[in-house]
A.B. asks: 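One structure is given below, represented as structure tokens, and several questions about it will come after.
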Amino acid sequence: FAAGRSIIELFKERVKKNNPKAEFVGEAWPKLNEAAYAPFITAMIDAKPDAVSYFFAFGIPFWQQSASYELGKRFPLVSSYWGGSDEMQTLPKNAIPTGAVMGGLPWYAIEGEANKSFVESFRKAHGKPPLTAAYLMLLNLEALKTGVERAGTIETEKVADTLSGMQFETVLGPVTIRKFDNQGATPLWTGRAGWSDELNTGVLTDILKLPTDVYLPTEQEVRASRQ
């Protein structure tokens, strides 16, 4: 609940900063586990927006029910929600929201031998490639392991002090835990939804690797928010 509200609030703030003349013509907040999206979809179309920003905890029902409306042909759909690349691997071809911008940690786009090895091990253990949550869990464990090794103890405060400001290597590349807010500056991949005949699944295309340290709130912004 809080994540979606915070993300939309920040999105509006940044849009207004870049374009003070921008207008927001509508919002929709379906309840958690909403089953019927038709009223929200038609309201969205009726508002005639130039673009739609969206965020889901679980977007598959929306994509399934909106497929026949071909929303991507009506207006750009833009988001960075990290579940997007995962959900495209679940949807059938006719439900893929072709062109919709979304994010995630798509196993097929992450370069390097470390990721290749991780994907192979994950497939062997589970019979399928890793989704974003698997990468996030791996990063958490890698951070904790590195923090304990560098601290030379499992004492909570000493490990926490070691983690703060620490840079370490991960399957995604180097990650830094920022000292002033203890946020991990982890890369995020974003792209447009599409279909891969080679993989026989929904994928992200036109993929960009975003260095999140550029987009996270600055130290000055973080300290100002605490006052």
Side-chain angles (χ1 to χ4, degrees), residues 1-11 13-14 17 55-58 79-87 89 102-191 204 207-227:
F1 178 85
R5 299 278 177 175
S6 298
I7 288 169
I8 296 303
E9 181 180 345
L10 181 59
F11 169 77
E13 178 186 310
R14 295 297 173 89
K17 182 178 180 180
F55 182 86
F56 293 117
F58 182 63
S79 180
S80 61
Y81 84 111
W82 62 263
S85 63
D86 296 347
E87 294 183 348
Q89 296 178 63
M102 56 188 66
L105 300 176
W107 63 269
Y108 46 82
I110 301 169
E111 299 179 345
E113 288 301 315
N115 181 61
K116 181 179 178 181
S117 177
F118 174 58
V119 172
E120 289 176 351
S121 298
F122 196 95
R123 278 187 184 276
K124 185 176 181 180
H126 303 286
K128 59 184 179 181
L131 298 179
T132 297
Y135 281 101
L136 296 178
M137 183 60 70
L138 177 63
L139 260 63
N140 286 332
L141 293 174
E142 288 178 328
L144 182 59
K145 177 177 180 291
T146 304
V148 168
E149 289 175 346
R150 294 185 185 179
T153 179
I154 59 171
E155 187 178 332
T156 302
E157 291 303 320
K158 290 184 178 179
V159 172
D161 289 342
T162 301
L163 288 171
S164 185
M166 183 180 79
Q167 184 179 76
F168 60 107
E169 290 297 324
T170 76
V171 68
L172 304 180
V175 168
T176 299
I177 300 176
R178 306 194 310 177
K179 196 172 185 67
F180 57 88
D181 64 357
N182 293 322
Q183 288 288 321
T186 305
L188 177 73
W189 279 255
T190 188
L204 297 188
I207 296 174
L208 295 175
K209 179 182 178 181
L210 302 179
T212 49
D213 57 308
V214 175
Y215 301 100
L216 287 170
T218 65
E219 180 173 1
Q220 182 179 8
E221 290 171 332
V222 170
R223 295 193 184 284
S225 70
R226 292 172 175 170
Q227 295 178 354

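The figures that follow rest on heavy atoms only: side chains count, while hydrogens, waters and symmetry mates do not.
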A.B. asks: Quick one: OG1 on T162 to CZ on F168, what's the gap to the nearest 0.5 Å?
C.D. replies: 13.0 Å

A.B. asks: Please tell me if the side chains of T190 and L204 come closer than 4.5 Å, counting only heavy atoms from C-beta onward.
C.D. replies: no

A.B. asks: Any side-chain heavy atom of P130 within less than 4.5 Å of one from F118?
C.D. replies: yes

A.B. asks: Side chain to side chain donor-acceptor pair (under 3.5 Å) with R223: which of Q220, E219, Q227?
C.D. replies: E219

A.B. asks: To the nearest 0.5 angstrom, please state how far the CG atom of L105 sits from the CG atom of L139.
C.D. replies: 8.0 Å

A.B. asks: Check whether the side chains of Q89 and Y108 place a donor and an acceptor atom closer than 3.5 Å, and report yes or no.
C.D. replies: no

A.B. asks: Side chains of R178 and V222: closer than 4.5 Å at any heavy-atom pair?
C.D. replies: yes

A.B. asks: Within the 4.5 Å heavy-atom criterion, are R123 and P129 side-chain neighbours or not?
C.D. replies: yes

A.B. asks: Under 4.0 Å between a Lys/Arg side-chain N and an Asp/Glu carboxylate O for E120 and K124?
C.D. replies: no

A.B. asks: Taking the side chain as C-beta and beyond, is there a heavy-atom pair between E221 and D181 under 4.5 Å?
C.D. replies: no

A.B. asks: Report the distance from atom CG of D86 to atom CZ of F58, rounding to the nearest 0.5 Å.
C.D. replies: 11.0 Å

A.B. asks: I'd like to know if K145 pairs up with E149 as an ion pair, taking the criterion as any Lys NZ or Arg NE/NH1/NH2 lying under 4.0 Å from an Asp or Glu carboxylate oxygen.
C.D. replies: yes

A.B. asks: Heavy-atom count check: over 12 atoms from other residues, nucleotides or ligands less than 6.0 Å from L141 CG?
C.D. replies: yes

A.B. asks: In the structure I gave you, are the side-chain heavy atoms of N115 and Y135 within less than 4.5 Å of one another anywhere?
C.D. replies: yes

